Amino acid sequence: MEGPRGCRPDEVAAVVDLVNSVFSREDRTMGRDFPTLFSPSNSAWLRTMWEDGRPISHVGVWQGQIVSSAGPLRVAHLGAVCTANEYRNRGLATLILNDALEQLRAEETSLVFISGGRGLYLRLGARPAGRILRYTFVPPPAVSEVQLELVDALQDRDLDAMRWLHGGEPVRYVRNPSEWRALLPAKGYAPARQNRAVVLLRRHGQVVAYLLLGKPQILADGVREVVDEFAGDRRAIVQGFSSLVSMRLARAVELTVQPGDASLTELLAERGGAATVIRHIGTTLLLDRDLLFRAVARSRPDLAAWNASQPTGADPEQLGQLVLGVLGNAEADPPRPVPIEVPRQGGMQYI
Ligand SMILES: CC(C)(COP(=O)(O)OP(=O)(O)OC[C@H]1O[C@@H](n2cnc3c(N)ncnc32)[C@H](O)[C@@H]1OP(=O)(O)O)[C@@H](O)C(=O)NCCC(=O)NCCS
């Protein structure tokens, strides 16, 4: 048996085969759905065990940068974790995970987002963490000054406009142009699959906001549009919802909002929107406490002081939850310390 190790670019196809055999037996779409993970340029981060020339266990790692509410942070996602049936329960996934975390620590990654919450991850210290607001909103009929355009074939200038708007978001993933080009088709936004869509919102001809719509939900009381991502002018976005539902014959819109997005939460509240506090999907591991607090010390001296007041041996799991915020422990409103906000992990960035 060989590993844990990363792959060579020419081994990616064999790993995608293993991953498909576990997660997508019928459609075999994992390679298409996760192009930034299963790309030759990311092959060293496809951490694997091999036997007789074939991969038998895999942990997919995507490393990147986010802009959190406390500034830039290096983060990673772990996903597509699997072991071939006949090799399970021998500690292979645990071995690869531990090795992957060591590599990530060496690369100064402070937070790891994991697409699951099973024992395997909890034993490593990953916990549900991070709060976000979910709105299910029935937009009132309104005359809107913004024009909506559903785009199936994105022009370069439209993509540029979207990138500029996304770049202006206070809490976001740092996404380079090649990731945009790979992810929009892969995740089925453009060209659209299963009624997903890219929507541009224009005011006086200028693109002032965009929405990425996920697969609509068909419910007993009507269709609900699910906004997977948005960026740009908050007033245009909220006004656009009224046109969106009439254009797509929907009833309601669902979107998740960062708790710190005061202008959007106010605009939604003015129109009768009510939020439920939910937690981020999966679990989060605070991989390097010192690194995280050093990284946020300039923008959040309160957090640095709070960290210093915690015992050196303080439970890193609990700290991770407190720093990102979690449901159920928010006795004060807003919770103390005010959590660091990280971007929503679904939609385009989901691994
Ligand atoms: C989940 C999955 C990746 C685990 O892979 P694995 O290689 O069997 O993982 P491990 O052997 O490290 O751990 C599995 C179990 O074996 C036990 N184990 C670990 N080392 C062991 C050892 N040396 N001897 C015996 N048992 C051992 C662990 O306690 C663990 O049990 P638990 O997680 O239920 O507490 C695998 O079952 C799988 O591919 N499942 C389908 C895909 C999936 O669900 N992926 C996760 C998405 S979130």
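Values below: every heavy atom of this structure, side chains too, minus hydrogens, waters and symmetry copies. All ligand and atom numbering here is 1-based and tracks the order in the structure. Since the structure is predicted, the reported quantities are computational estimates derived from the model, not experimental observations.
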Inset, instruction - Without swapping roles, check the side chain of T48 against the backbone of R5 for a donor-acceptor pair under 3.5 Å. - result: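 Yes.
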
Legend entry - Backbone N/O of A44 and side chain of R47: donor-acceptor pair under 3.5 Å: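 Yes, because the side chain of R47 sits within donor-acceptor range (under 3.5 Å) of the backbone of A44.
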
Legend entry - Non-neighbouring partners of A305 that pass side-chain contact (heavy atoms from CB on, under 4.5 Å), sequence neighbours left out: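 A305 satisfies side-chain contact (heavy atoms from CB on, under 4.5 Å) with no other residue.
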
Inset, instruction - Compute the shortest N/O to N/O distance between T94 and ligand 1 and return yes if it is under 3.5 Å, no if not. - result: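 N/O-N/O distance under 3.5 Å: yes.
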
Legend entry - Check: A93 N/O within less than 3.5 Å of ligand 1 N/O: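 Yes; the residue has a nitrogen or oxygen that sits under 3.5 Å from a nitrogen or oxygen of the ligand.
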
[atom] [closest protein heavy-atom partner, distance rounded to 0.1 Å]:
atom                    : result
atom 37 (O) of ligand 1 : R88 CD, 3.4 Å
atom 45 (N) of ligand 1 : V81 O, 2.8 Å
atom 47 (C) of ligand 1 : Y121 OH, 3.8 Å
atom 22 (C) of ligand 1 : R90 C, 4.0 Å
atom 24 (N) of ligand 1 : N89 O, 3.7 Å
atom 20 (N) of ligand 1 : G91 CA, 3.3 Å
atom 6 (P) of ligand 1  : T83 OG1, 3.5 Å

Is the closest basic N to carboxylate O distance between [X] and [Y] below 4.0 Å?
X    : Y    : result
E102 : R105 : no
D158 : R202 : yes
D160 : R157 : no
K187 : D33  : no
R235 : D233 : no
R28  : D17  : yes

Legend entry - V22 contact mode with ligand 1 (heavy-atom cut-off under 4.0 Å):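 Only the side chain of V22 comes within reach of ligand 1.
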
Legend entry - Proximity to ligand 1 by part of R123, non-hydrogen separation under 4.0 Å: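 The part of R123 near ligand 1 is the side chain, not the backbone.
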
Inset, instruction - Taking atom 30 (C) of ligand 1 as the reference point, report whether a protein heavy atom occurs under 4.0 Å from it. - result: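 So far as the 4.0 Å threshold goes, atom 30 (C) of ligand 1 is in reach of a protein heavy atom.
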
Legend entry - Any protein heavy atom nearer than 4.0 Å to atom 34 (O) of ligand 1: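 It does not: no protein heavy atom is found less than 4.0 Å away from atom 34 (O) of ligand 1.
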
Legend entry - Contacting atoms of ligand 1, where contact means under 4.0 angstrom from a heavy atom of R118: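 Within the 4.0 Å cut-off of R118, ligand 1 contributes 1 (C), 43 (C), 44 (O), 46 (C).
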
Legend entry - Atom indices of ligand 1 within 4.0 angstrom of S115 heavy atoms, with elements: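 Going through ligand 1 atom by atom, the ones under 4.0 Å from S115 are 48 (S).
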
Legend entry - Fellow cluster residues of V151, listed by chain then number, with links counted only when side-chain atoms sit under 4.5 Å apart: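 Members other than V151 - counting any ILVMFWY side chain reachable under 4.5 Å - are L154, L159, M162, L165, W180, L183, L184, Y189, V198, L200, V207, Y210, L212, M348.
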
